[in-house]
Amino acid sequence: MRTFKLPAVPPFSLASVIQSHGWYQLAPFQYEPAEGVLTYTARLDSGRLLQLNLTQSGTGVSAAYEPELTHTETSEVSRMVTWMLGLDQQFGVFYQLCRDEPALAQSEALARGRLLRSPTLFEDVVKTILTTNTAWSGTKRMTMRLVTLYGEPVPAQPIVKAFPTPQALAELDEPALRKDAGLGYRAPYILELAQRTASGELDLEAHKNSSMTAAERKKWLLGLKGIGPYAAANLMMLLGHYDEVPVDSWALMMVSREFYNGEPVTAKQVRAAFERWGEWQGLAYFLWDWKNDGTSQPA
DNA sequence: GGTAGACCTGGACGC
DNA sequence: GCGTCCAGGTCTACC
């Protein structure tokens with residue numbers, strides 16, 4: 001295995017990034033908690049496929065890979081890992097605000113704030129659509145089927161596959177996605193996204209670092225089929241905009257238990273509960289140390 | 001702007 | 001084993 005190291009804006013914890021949300025459980029991510037290794041099957045611009053093994057290295061991250069890469073490819077992998085782990089992201093202002101809130105006081109000590117991302121926005125939009133209107137087990141199953149059925153295999157390890165490209169998905173028909181991949185009614189959304197991306201009509205990757213305002217970005221996301229208020233807020237978080245709470249059924253339950261004594265709450269009440277965190281309210285919600293984590297009934 | 005019904009799947013449950 | 005019900009966000013039509 002060849003390796004290189006990348007620095008991160010301190011504080012940095014790979015474990016905190018990995019456990020920031022459930023993305024590490026979705027193919028082609030793999031995580032070995034005992035060894036602290038996050039594995040991702042990546043596809044480079046050149047079309048080459050490789051397995052990346054990411055581990056904590058001092059205050060940064062170490063990337064191990066095979067086969068040998070060109071200088072250009074190594075630069076591409078560096079940019080990819082920096083984006084996926086948010087190595088250049090800073091949360092100093094947020095940490096200052098957290099110091100007076102017991103439920104967030106550990107954020108800086110644990111280096112929390114960075115959210116694990118896929119290398120491409122295409123992959124993250126697809127995965128976000130697959131989180132909607134289904135249980136987490138369904139999201140994992142649908143993602144695994146997409147990768148298994150339509151992902152390109154790593155030559156040296158044919159059972160290891162990358163996330164399917166927009167081109168690969170664009171060539172499919174709706175019944176295949178609906179039945180074979182088990183996407184159900186989400187199939188036309190994914191197919192349209194893939195076809196628009198593959199044709200060049202939609203340049204998702206340009207939006208990772210666009211000059212759009214947060215409001216413009218959100219409006220653009222809501223214009224994508226299958227992306228509603230929850231999915232848009234979730235993707236905005238991945239894009240580094242934290243000024244809105246992604247309200248789903250879990251958020252309604254947790255906020256009800258935490259702030260409303262178990263009484264049913266509305267999406268407005270969930271947003272109101274975190275409104276005081278301003279541009280950080282989404283992150284405050286994400287990192288909140290809930291008194292009741294949802295696995296038991298409230299006191 | 002708000003609301004109701006349809007969409008689709010898998011899991012839980014009762015028989 | 002089979003049938004029924006329910007949870008989970010978004011879209012569309014309608015008011």
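Throughout, a chain's letter reflects where its sequence line sits, starting with A, and its residues are numbered from 1.
- Distance CE (A:M142) to P (C:dG8): 14 Å, rounded to an integer number of Å.
- The aromatic rings of A:W290 and A:W288 sit tilted, their planes meeting at an angle between 30° and 60°.
- Candidate nucleotides B:dG2, C:dT12, C:dG8 were compared by shortest atom distance to the side chain of A:R186, and C:dG8 ranks first.
- When rounded to the nearest whole Å, the span between CG of A:L183 and P of B:dC7 equals 18 Å.
- The 12-atom threshold is exceeded at NZ of A:K208, counting heavy atoms of other residues, nucleotides or ligands nearer than 6.0 Å.
- Listed nucleotides: B:dG11, B:dC7, C:dT10. Nearest to the side chain of A:R141: B:dG11.
- Counting only heavy atoms from C-beta on, A:Y189 has its side chain closest to C:dC11 among C:dG8, C:dT10, C:dC11.
- In this structure, the ring of A:W277 has its center no less than 6.0 angstrom from the ring center of A:Y242.
- Within the nucleic acid shown, A:T134 comes within 4.0 Å of at least one base atom, counting heavy atoms only.
- A:I227 places its CD1 atom 8 Å from the P atom of C:dC11, with the value rounded to the nearest Å.
- Spacing between atom CG of A:L191 and atom P of B:dC8 amounts to 15 Å, rounded to whole angstrom units.
- Remark: P of C:dG9 and CD1 of A:I129 are 15 Å apart, rounded to the nearest angstrom.
- Note: CG (A:N133) to C1' (C:dT10) measures 7 Å, nearest angstrom.
- In this structure, of C:dG8, B:dC7, C:dT10, it is B:dC7 that holds the atom nearest to the side chain of A:R178.
- One interatomic measurement links the two molecules: NZ of A:K179 to P of B:dC7, which rounds to 13 Å at whole-angstrom precision.
- Taking the six-membered ring where the residue is Trp, A:W220 and A:H207 present parallel rings, their angle staying beneath 30° rather than reaching 60°.
- As judged by a 4.0 angstrom heavy-atom cut-off over every strand, A:L224 is placed among residues touching the sugar-phosphate backbone only.
- Between A:R145 and B:dG10 there is a side-chain N or O to OP1 or OP2 distance below 4.0 Å.
- As rounded to whole Å, 8 Å separates atom P of C:dT10 from atom OH of A:Y185.
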* To do: Please assess A:R48 against A:E73 for the test salt bridge (Lys or Arg N to Asp or Glu O under 4.0 Å), listing each intermediate value before the final yes or no.
  => CA-CA 9 Å; A:R48 290 182 77 184; A:E73 288 172 331; 2.8 Å; yes

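- Map A:K225 and A:S249 each onto its nearest nucleotide of DNA chain C; the residue landing nearer the 5' end is A:S249.
- Nucleic acid contact class of A:G138 (heavy atoms, under 4.0 Å, all strands): none.
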